[in-house]
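Here is the structure we will look at, set down as structure tokens.
In what follows, chains are A, B, ... by sequence order, proteins preceding strands, each numbered from 1.
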Number of protein chains: 2
Amino acid sequence: MRAAKSNLPQGTLDLLILKVVALGPVHGYAIAQRLLQVSRDVVQVPQGSLYPALHRLENRGLLAADWNETETGREAKFYRLTRKGRAELGTEAASWQRLTEAVGLILGMAEGGTK
Amino acid sequence: MRAAKSNLPQGTLDLLILKVVALGPVHGYAIAQRLLQVSRDVVQVPQGSLYPALHRLENRGLLAADWNETETGREAKFYRLTRKGRAELGTEAASWQRLTEAVGLILGMAEGGTK
DNA sequence: CGCTTATACCTCGGACTTCTACACATTAAC
DNA sequence: GTTAATGTGTAGAAGTCCGAGGTATAAGCG
């Protein structure tokens, strides 16, 4: 029962990355671990999804990056949020909330009462 | 400025369709209207998304369809849930809930306290 | 020294959805 | 007869996710 497919819906990954980076500069590998930890292993981000997403966000001007040294004494690329990225985070978070509310309404629609 | 892009994340559409069909046989056009109504115009499903999705679900054996007459006296394809479809609905609904909880945890991560 | 594990970065290609736009058909209103 | 609403459908483009692979450093073990 290892199941627990991550299966993040399209577009959600960007939102989560922006949120983690908003808390302070982090490198890619740490982002994945943080998501895994906070979500209690529900959100698993493969590297093949993570790094392209980071580059996308950087190209869109939502993230900026610098090379620095990690606590373990290794070079890593630390990402931080730009002003534009912070605005985008707000927009996407609001959008996410609106969507989940709407889906909640739909899933809560009454039926016969089989349950 | 009609904004209000639906922009449903991948996979979500299937879940919503299954839920609406679970309430009773309906035809495609009515599904879109129902979603629009219940979600207060948040969930807008273009026809180019709706019909391919219905065919996908039918091919996967989650939906079955019959031609019948609508209240307005026109022929339409009425979809209903198969046993497999009902099981899938349960699985996906649970999956959705698990995911939204996880995302909620992440979005709720404390930071400085700007809020 | 060689082997393995963990950290840390990256790319490529396939597979899948979604959306814009269009085409077709029927019913009703004017 | 022409407009609008209803109702189903396809084609192509665009975008994203993920598996599989590659590079490199550091630390531990036999």
Side-chain angles (χ1 to χ4, degrees), chain A residues 4-18 20-21 25-37 42-60 62-63 65-79 92 95 99, chain B residues 2-18 20-21 25-37 43-60 62-63 65-79 92 95 99 103:
Chain A
K5 300 182 293 184
S6 47
N7 246 350
L8 276 185
Q10 211 163 6
T12 309
L13 182 56
D14 290 6
L15 169 62
L16 297 181
I17 290 177
L18 288 176
V20 172
V21 175
V26 275
H27 55 270
Y29 195 87
I31 293 176
Q33 294 204 321
R34 193 70 104 103
L35 289 175
L36 199 62
Q37 176 191 359
V42 174
V43 178
Q44 303 176 30
V45 184
Q47 301 184 335
S49 307
L50 178 65
Y51 289 109
L54 285 172
H55 299 154
R56 248 186 347 251
L57 293 171
E58 196 178 0
N59 284 338
R60 283 208 283 154
L62 305 179
L63 294 182
D66 308 287
W67 287 93
N68 274 310
E69 204 169 307
T70 70
E71 293 182 3
T72 62
R74 202 163 331 179
E75 290 289 309
K77 208 171 175 182
F78 283 79
Y79 289 92
E92 287 199 21
S95 186
L99 177 70
Chain B
R2 65 294 316 250
K5 303 183 292 187
S6 45
N7 248 349
L8 279 185
Q10 211 164 6
T12 309
L13 181 57
D14 290 5
L15 169 61
L16 297 181
I17 290 177
L18 289 176
V20 172
V21 175
V26 275
H27 55 271
Y29 194 86
I31 293 175
Q33 293 203 323
R34 193 70 105 105
L35 289 175
L36 198 62
Q37 176 189 3
V43 178
Q44 304 176 30
V45 183
Q47 304 182 335
S49 305
L50 177 66
Y51 290 108
L54 286 172
H55 299 156
R56 250 189 341 257
L57 293 171
E58 196 178 359
N59 283 338
R60 283 207 282 154
L62 305 179
L63 293 182
D66 308 288
W67 286 92
N68 275 311
E69 204 168 309
T70 70
E71 293 183 3
T72 62
R74 202 162 331 176
E75 289 290 308
K77 209 170 174 183
F78 283 78
Y79 289 92
E92 286 198 22
S95 187
L99 176 71
V103 174

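For A:Thr70, the side-chain atoms get nearest to C:dA8 when compared with the rest of C:dA8, C:dC10, D:dG7. When distances run from any side-chain atom of A:Pro46 to the nucleotides C:dC10, D:dG19, C:dT18, the shortest one goes to D:dG19. In the set D:dT16, C:dC19, D:dT10, D:dT10 carries the atom at the smallest distance from any side-chain atom of B:His55.
In this structure, CG in A:Leu54 is found 11.0 Å from NE2 in A:His27, a value given to the nearest 0.5 Å. Once rounded to the nearest 0.5 Å, the distance linking CG of B:Leu8 with CG of B:Asp14 reads 10.5 Å.
Comparing B:Pro52 and B:Gln33 against DNA chain D, the residue whose closest nucleotide sits nearer the 5' end is B:Gln33. Each of A:Trp67 and B:Gly73 was matched to the nucleotide of DNA chain C holding its nearest heavy atom; the match closer to the 5' end belongs to A:Trp67. Judged by closest nucleotide on DNA chain C, A:Glu75 is the one of A:Ser49 and A:Glu75 placed further toward the 5' end.
Counting distance only, with no hydrogens placed and no angle test, the side-chain atoms of A:Gln47 and the base atoms of C:dC9 include a donor-acceptor pair under 3.5 Å. In this model, no side-chain donor or acceptor of B:Arg74 finds a partner on the base of C:dT27 within 3.5 Å.
Atom CG of A:Leu50 and atom P of C:dT11 are 12 Å apart (whole Å). Per the geometry, CG belonging to A:Leu16 stands 10 Å off P belonging to D:dC17, to the nearest Å. Between B:Asn59 atom CG and C:dC16 atom C1' there is a gap of 15 Å when expressed in whole angstrom units. Atom-to-atom, CG of A:Asp14 to P of D:dG15 comes out at 13 Å; the value is rounded to the nearest Å. To the nearest angstrom, C1' of C:dC9 lies 11 Å from OH of A:Tyr29. Atom CD of B:Glu58 and atom C1' of D:dT8 are 12 Å apart (whole Å). In this structure, B:Arg56 atom CZ and D:dT10 atom P are separated by 13 Å, rounded to whole Å. Between B:Glu69 atom CD and D:dT6 atom C1' there is a gap of 14 Å when expressed in whole angstrom units.
For B:Tyr51 and D:dT8, the shortest distance from a side-chain N or O to OP1 or OP2 is below 4.0 Å.
Nucleic acid contact for A:Thr72: sugar-phosphate only, since backbone atoms but no base atoms lie under 4.0 Å from a heavy atom of the residue. Counting non-hydrogen atoms under 4.0 angstrom, B:Gly11 reaches the backbone sugars and phosphates but no base. Note on B:Gly48: a base of the nucleic acid sits closer than 4.0 angstrom, heavy atoms only. Here A:Leu13 lies in heavy-atom contact (under 4.0 Å) with sugar-phosphate atoms only.
At least one side-chain heavy atom of A:Arg60 sits less than 4.5 Å from a side-chain heavy atom of A:Leu57.
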- [ ] Show your working on side-chain contact (heavy atoms from CB on, under 4.5 Å) between A:Arg74 and A:Glu69 and close with a plain yes or no.
- [x] CA-CA 5 Å; A:Arg74 202 163 331 179; A:Glu69 204 169 307; 5.9 Å; no
Report task. Begin with the C-alpha distance, continue with both residues' side-chain angles, and end with the deciding distance and a verdict on side-chain contact (heavy atoms from CB on, under 4.5 Å) for A:Arg56 and A:Asn59. Result -> CA-CA 5 Å; A:Arg56 248 186 347 251; A:Asn59 284 338; 5.9 Å; no
Next on the checklist: Determine whether B:Thr70 and B:Phe78 satisfy the following criterion, side-chain contact (heavy atoms from CB on, under 4.5 Å), listing intermediate values before the conclusion.
Outcome noted: CA-CA 9 Å; B:Thr70 70; B:Phe78 283 78; 4.1 Å; yes
